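Model, not experiment: these values are computed from the prediction.
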Amino acid sequence: MNLTYRDEDGARLGTLLWEFGPGWRMISSAVLGGGIGPRAWVLNAQVVAGYSGMDPAGHLASLAPPGPGVGMMTAASVDRRVTASDGGVLAVATVGLRVPTWAAAPEGAADPELAPMLTRPPVGTINIVAALPVAMTDAALVNAVMTVTEAKTQALVEAGFAGTGTASDAVCVAVREEGPAEPFGGPRSTWGARLARAVHQAVRTGAEAWRPNDKE
């Protein structure tokens, strides 16, 4: 994992880059390289609060190495990333909780983070990257994203935040391309349980360390 800084929009912003190389398959909700497929790198780029760029994918591509990869944005400080591991699973979370949000809110409920999303691309505030040293079926990868989300929500509730996340969180799960494909990724499967514990630890630590005066 490589952390670099750049000057942009009058601020010094961090960029995290994981260079996995060949032999990896990823599932992601990210604006750049989202979906399921072979990917060689993951980029988590910090942007200014109130980011108003209308081409986030192009912006991320300009910061990224060549080839297929995953690019995420956040206004949280990426240099305060939290890393956790469990049984060969590695999870890294950048956590910003200016506006914790419940997933199921009443229609029309005011949410200060939703209004800007109507006019500009969302900026993820809790970004999670996880890597597993095994292959997985497509269904298991989808299940793994569910597990990451459930573990994140558990961590936030335990840390005392009233929400399941923020309105613009992003996730990426990386697995090996070769080898016997694990059919399950749920929290009671062997690898899903390890994934859940690693993500829970990373998000819980990041949530407890988050300070309301952070500019995300």
F184 CZ: over 12 foreign heavy atoms closer than 6.0 Å: no
M26 and V42, any side-chain heavy atoms less than 4.5 Å apart: yes
Electrostatic pair D79:R12 at N-O distance under 4.0 angstrom: no
Donor-acceptor pair between Q154 and E158 side chains, under 3.5 angstrom: yes
Interatomic spacing from NZ in K152 to CD1 in I128 - rounded to 0.5 Å: 6.0 Å
Minimum-distance pair of heavy atoms, taken over all atoms of A135 and E177: CB-O, 4.3 Å
Minimum heavy-atom distance between G96 and T166, given as atom pair plus value: O-CG2, 3.6 Å
E8 bridged to R6 by N-O distance under 4.0 Å: yes
W41 (side chain) donor-acceptor with G67 (main chain) under 3.5 angstrom: yes
Interatomic spacing from CG in D169 to OG1 in T125 - rounded to 0.5 Å: 4.5 Å
S29 side chain to A170 backbone, donor-acceptor under 3.5 Å: no
Exam field: side chain W191 to backbone P133, donor-acceptor pair closer than 3.5 Å: no
Nearest non-hydrogen partners of R39 and G33, listed with the distance: NE-O, 3.0 Å
Closest non-hydrogen atom pair between C172 and M72, with its separation: CB-CE, 4.0 Å
Side-chain donor/acceptor of R197 to backbone N/O of A84, under 3.5 Å: no
Main-chain N/O of V171 paired to S28 side chain as donor or acceptor, under 3.5 Å: yes
Any donor-acceptor N/O pair, T205 side chain to A202 backbone, under 3.5 Å: no
Heavy-atom check, side chain of T94 versus side chain of R80, under 4.5 Å: no
Distance-only side-chain donor-acceptor flag, T15 / N44, under 3.5 Å: no
Inter-residue atom distance T74.OG1 - R81.CZ, 0.5 Å rounding: 13.5 Å
Side chain to side chain, V92 and W18, heavy atoms closer than 4.5 Å: yes
Interatomic spacing from CG in D86 to NE2 in H200 - rounded to 0.5 Å: 12.0 Å
Gap separating the CD atom of E208 from the CG atom of L97, nearest 0.5 angstrom: 11.5 Å
Least distance between heavy atoms, W24 atom then L132 atom: CZ3-O, 3.5 Å
4.5 Å side-chain heavy-atom contact, H59 and L63: yes
Any V70 side-chain heavy atom under 4.5 Å of V129 side chain: no
Steps toward side-chain contact (heavy atoms from CB on, under 4.5 Å) verdict (M73, L60): CA-CA 8 Å; M73 284 184 171; L60 287 165; 3.8 Å; yes
Side-chain donor/acceptor of T101 to backbone N/O of V99, under 3.5 Å: yes
CA sep, side-chain torsions, deciding dist, call: I36, L141, side-chain contact (heavy atoms from CB on, under 4.5 Å): CA-CA 9 Å; I36 300 177; L141 280 174; 4.0 Å; yes
Side chain R194, main chain L90, donor-acceptor under 3.5 Å: no
D138 side chain near R25 side chain, heavy-atom distance below 4.5 Å: yes
Side chain proximity check, V95 to V82, heavy atoms < 4.5 angstrom: no
Minimum heavy-atom distance M136-G185, with the two atoms named: CE-CA, 4.1 Å
I126 CD1 to F161 CZ distance, which is reported to the nearest 0.5 Å: 8.5 Å
Check against side-chain contact (heavy atoms from CB on, under 4.5 Å), Q46 and S77: CA-CA 7 Å; Q46 181 182 354; S77 299; 4.2 Å; yes
Heavy-atom check, side chain of T153 versus side chain of E150, under 4.5 Å: no
